[in-house]
Amino acid sequence: MDDCVFCKIVKKEIPATVIYENEKILAFLDISPINFGHTLVIPKKHFPNIYETPDEELCAMTTVAKKIAQAIRDALVADGVNIAMNNNHAAGQLVFHSHLHVIPRFTNDGYEPWRSRKPYKENEAVSVAQKIKESLK
Ligand code: AMP
Ligand code: ZN
């Protein structure tokens, strides 16, 4: 994809602070980190989002995300880590090249991504679960 910023990073047309790579995957620091060490794990091939990323590539992304999470924990003495993937505009995706965020977390670092919750009313959970289960068949 010619106009994709992450494809340009893979092709070394624009710089990135690379921390790991293998045959399938590249991992580099997010240019605008939530915490220092915030890393993006991408497939070297272009897929726009999770729906279009083959399982094999997703598995490779996850394997590397775990490696990075362990390295962040040990090297940066992180207290925790968030692994996140935004898919489509509604979920806040800005770069339409599949990627996992590996975000080091520190006790009381002030980042609160999971605050807003919507409680189910009576039977709503059952009805939502039923719809999802039907679609899984
Ligand atoms: P998302 O909202 O999941 O699509 O996030 C895209 C992420 O890519 C953001 O966190 C950006 O800060 C990051 N980003 C965009 N351009 C670059 C770049 N050239 N190098 C490193 N990270 C980038
Ligand atoms: Zn791309």
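Both ligands and their constituent atoms are indexed starting at 1 by order of listing. Every value quoted in this text rests on a predicted model; they were computed, and no experiment measured them.
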is_close_aromatic(Phe47, His97), centroid dist under 6.0 Å: no
Taking the side chain from [X] and the backbone from [Y], do they hold a donor-acceptor pair closer than 3.5 Å?
X	Y	answer
Arg105	Asn35	no
Glu52	His46	no
Lys44	Asn22	yes
Asn49	Asn87	no

Side-chain heavy-atom pair Ile72, Pro104 within 4.5 angstrom cut-off: yes
Atom of Thr39, atom of Ala27 and distance for their closest heavy-atom approach: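 Of all heavy-atom pairs spanning Thr39 and Ala27, the closest is CG2-CB, 4.0 Å.
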Over all atoms of both residues, closest heavy-atom pair of Leu40 and His99: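 Heavy atoms only, the tightest pair is CD2-CD2, 4.0 Å.
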Total protein N/O/S atoms whose distance from the Zn ion (ligand 2) is less than 2.8 Å: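 Considering protein N, O and S only, the Zn ion (ligand 2) has 4 within range.
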Report all N/O contacts between ligand 1 and the protein shorter than 3.5 Å as a table of atom names and distances to 0.1 Å; if there are none, say 'none'.
{"residue": "ligand 1", "atom": "2 (O)", "partner": "Asn86", "partner atom": "ND2", "Å": "3.4"}
{"residue": "ligand 1", "atom": "2 (O)", "partner": "Gly92", "partner atom": "O", "Å": "2.8"}
{"residue": "ligand 1", "atom": "2 (O)", "partner": "Leu94", "partner atom": "N", "Å": "3.3"}
{"residue": "ligand 1", "atom": "3 (O)", "partner": "Asn86", "partner atom": "ND2", "Å": "2.9"}
{"residue": "ligand 1", "atom": "3 (O)", "partner": "His99", "partner atom": "NE2", "Å": "2.7"}
{"residue": "ligand 1", "atom": "3 (O)", "partner": "His101", "partner atom": "NE2", "Å": "2.7"}
{"residue": "ligand 1", "atom": "4 (O)", "partner": "Leu94", "partner atom": "N", "Å": "2.7"}
{"residue": "ligand 1", "atom": "4 (O)", "partner": "Val95", "partner atom": "N", "Å": "2.9"}
{"residue": "ligand 1", "atom": "4 (O)", "partner": "His99", "partner atom": "NE2", "Å": "3.2"}
{"residue": "ligand 1", "atom": "5 (O)", "partner": "His99", "partner atom": "NE2", "Å": "3.3"}
{"residue": "ligand 1", "atom": "5 (O)", "partner": "His101", "partner atom": "NE2", "Å": "3.4"}
{"residue": "ligand 1", "atom": "10 (O)", "partner": "Asp30", "partner atom": "OD1", "Å": "3.3"}
{"residue": "ligand 1", "atom": "10 (O)", "partner": "Asp30", "partner atom": "OD2", "Å": "2.5"}
{"residue": "ligand 1", "atom": "12 (O)", "partner": "Asp30", "partner atom": "OD1", "Å": "2.5"}
{"residue": "ligand 1", "atom": "22 (N)", "partner": "Ile31", "partner atom": "N", "Å": "3.1"}

Lys/Arg-Asp/Glu bridge criterion (N-O < 4.0 Å) met for Glu112, Arg115: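 Counted as a salt bridge, because a side-chain N and a carboxylate O are separated by less than 4.0 Å.
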